[in-house]
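What follows is a short report on a single structure.
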Protein chains: 2
Amino acid sequence: MDNDLMTIREMCEAFDVTPRTLRFYEAKELISPLREGQKRLYTRSDRGRLKLILRGKRFGFALEEMRQLLNLYDRGGANEEQLERTIVAARERLAQMERQRDELNEAIDELRSQLENGAEMLAAFRPAAE
Amino acid sequence: MDNDLMTIREMCEAFDVTPRTLRFYEAKELISPLREGQKRLYTRSDRGRLKLILRGKRFGFALEEMRQLLNLYDRGGANEEQLERTIVAARERLAQMERQRDELNEAIDELRSQLENGAEMLAAFRPAAE
DNA sequence: GTCGTGACTTACGTTAACGTCAAGCTTTCT
DNA sequence: AGAAAGCTTGACGTTAACGTAAGTCACGAC
């Protein structure tokens, strides 16, 4: 059940992803499960990585960004410097997200005021206008 | 200069877009400039449409959505019903944008708290951690 | 032994909004 | 006339993250 090794199907149910997704992540070198013959077997480490990947996606990290972050930890364990780099990356992403939210808020305000003005959005069509 | 008719180059400078963009919009039936021989000539109506398209993009409308909205006005002018439909579409988009902003805010909060906890984001890697 | 099931690999398809050549026609400068 | 400029029409390329289909393999059940 919750053995150390899980099949692809168990992984899919546990994380709510498709087999294609897991194979895709593997092709992109984000995960590298064991093999029993031709079949994939996912370890606890794989599950940890997948968890991080999915969390990263919620934060808007691209898979390639996640791969780079994850790889920092393959090269000899998590030392201070690597942790630091991860934190820096996270902070940058946070700033990006905040900028994105601010822009979105501006657009929202603008659109809302257009609507309040009775959709003057369409003024350009009325030959009478301006 | 600011004649009723403008060349593609003048349009590009006026609206800060590339020729490719204008031809692309034309291929997608968002604009339909006149022709003088083989050359395109943009009318005041074209400028009005382009202005709306670009504004729509800022609001996150897809080009296809904008095309549909614009076409409402080609079919016999802007009557009450058409205006109504446009307003409905705009309201829906506004709601979408607000949802999107809310989700973004949640992600921001989550990421920020991760950072405040000293990047426990990486806990999954430490064999020591649960 | 063969049937069904699940896993596997390979590879093309999808979506949006253009970018980037390539090659030809016209007008314009010299 | 010849060349440079600017416009035109194809038509393929790009990016991300998978979806989807086609064909193969292996294994337990019968």
Side-chain angles (χ1 to χ4, degrees), chain A residues 3 5-43 46 49-70 89 93 96-97 100 103 107, chain B residues 1 3 5-43 46 49-70 93 96-97 100 103 107:
Chain A
N3 195 312
L5 297 179
M6 288 171 64
T7 71
I8 198 170
R9 200 47 72 174
E10 291 168 335
M11 288 291 282
C12 291
E13 284 168 23
F15 291 93
D16 192 33
V17 295
T18 69
R20 179 67 178 98
T21 299
L22 292 179
R23 297 192 191 108
F24 180 75
Y25 289 170
E26 186 176 343
K28 291 288 178 178
E29 299 187 308
L30 287 154
I31 319 179
S32 37
L34 299 174
R35 290 298 178 113
E36 186 190 84
Q38 46 146 229
K39 295 184 180 174
R40 292 171 173 78
L41 287 180
Y42 295 85
T43 69
D46 293 322
R49 292 174 74 92
L50 180 56
K51 195 172 168 185
L52 288 188
I53 293 165
L54 297 178
R55 181 181 295 173
K57 286 200 64 178
R58 286 210 311 284
F59 293 157
F61 282 96
L63 290 185
E64 174 56 22
E65 294 180 271
M66 286 306 297
R67 190 185 65 79
Q68 291 175 26
L69 290 178
L70 288 170
R93 190 85 250 288
Q96 270 183 40
M97 290 165 75
Q100 193 182 333
E103 284 176 28
Chain B
M1 299 292 191
N3 195 309
L5 298 179
M6 288 171 65
T7 70
I8 198 171
R9 198 49 69 176
E10 291 169 335
M11 288 290 283
C12 290
E13 284 169 23
F15 291 93
D16 192 34
V17 295
T18 69
R20 180 68 179 98
T21 298
L22 292 179
R23 298 192 190 108
F24 180 75
Y25 289 170
E26 186 176 344
K28 292 288 180 177
E29 300 186 306
L30 287 154
I31 320 179
S32 37
L34 300 173
R35 289 300 176 111
E36 185 190 86
Q38 46 146 232
K39 295 184 180 175
R40 292 172 173 80
L41 287 179
Y42 296 84
T43 68
D46 293 320
R49 292 174 75 90
L50 180 55
K51 194 173 168 183
L52 287 188
I53 293 165
L54 297 178
R55 180 181 295 174
K57 287 199 64 179
R58 286 210 310 283
F59 294 158
F61 282 96
L63 290 185
E64 173 56 21
E65 292 179 274
M66 286 307 296
R67 190 186 64 79
Q68 291 177 26
L69 291 178
L70 288 170
R93 189 87 251 290
Q96 270 184 40
M97 290 166 74
Q100 193 181 333
E103 284 176 28

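Reckoned from all heavy atoms, side chains included, excluding hydrogens, waters and symmetry mates. Order of the sequence lines fixes the chain letters, A, B, ..., with proteins taken first and strands second; residue numbering starts at 1 for each chain.
- As judged by a 4.0 angstrom heavy-atom cut-off over every strand, A/Thr7 is placed among residues making no nucleic acid contact.
- Within the structure, every side-chain polar atom (N or O) of B/Arg40 is placed at least 4.0 Å from both OP1 and OP2 of D/dC7.
- The residue B/Arg23 sits close to a base: some heavy atom pair falls under 4.0 Å.
- Atom-to-atom, CD of A/Glu64 to C1' of D/dC18 comes out at 16 Å; the value is rounded to the nearest Å.
- Atom-to-atom, CZ of B/Arg9 to P of D/dG6 comes out at 8 Å; the value is rounded to the nearest Å.
- The side chain of B/Arg20 lies closest to C/dT20, out of C/dC8, C/dT20, D/dT8.
- For the pair B/Lys28 NZ and C/dC18 P, the computed distance is 11 Å after rounding to whole Å.
- Two residues, A/Thr18 and A/Gln38, neighbour DNA chain D, and the one matched to the more 5' nucleotide by heavy-atom proximity is A/Thr18.
- Between A/Met66 and A/Lys57, every side-chain heavy-atom pair lies at or beyond the 4.5 Å cut-off.
- Here the nucleotide nearest the side chain of A/Tyr25, chosen from C/dC8, D/dC18, C/dC18, is D/dC18.
- Rounded to whole Å, atom P of C/dT26 lies 14 Å from atom CZ of B/Arg35.
- Of the candidate nucleotides C/dC18, D/dC18, C/dA7, D/dC18 has the atom nearest to the side chain of A/Phe24.
- Regarding B/Met66, its CE atom lies at a distance of 13 Å from the P atom of C/dC18, rounded to whole Å.
- Of the candidate nucleotides D/dC18, C/dT9, C/dC18, D/dC18 has the atom lying nearest to any side-chain atom of A/Lys57.
- Applying the 6.0 Å contact sphere to CD of B/Glu29 captures no more than 12 heavy atoms from other residues, nucleotides or ligands.
- A/Ile53 places its CD1 atom 15 Å from the C1' atom of D/dA16, with the value rounded to the nearest Å.
- Among B/Arg20, B/Arg67, B/Arg35, the single residue meeting the salt bridge (Lys or Arg N to Asp or Glu O under 4.0 Å) criterion with B/Glu26 is B/Arg35.
- Rounded to an integer number of Å, the gap from B/Glu36 CD to D/dG6 P is 17 Å.
- The listed nucleotides are D/dT8, C/dC18, C/dC8; the one nearest the side chain of B/Thr21 is C/dC18.
- In this structure, CZ in A/Phe59 is found 14.0 Å from CD in A/Gln96, a value given to the nearest 0.5 Å.
- Between B/Phe61 atom CZ and C/dA17 atom P the separation is 13 Å, expressed in whole Å.
- At a threshold of 4.5 Å between non-hydrogen side-chain atoms, the residues A/Glu13 and A/Arg9 count as touching.
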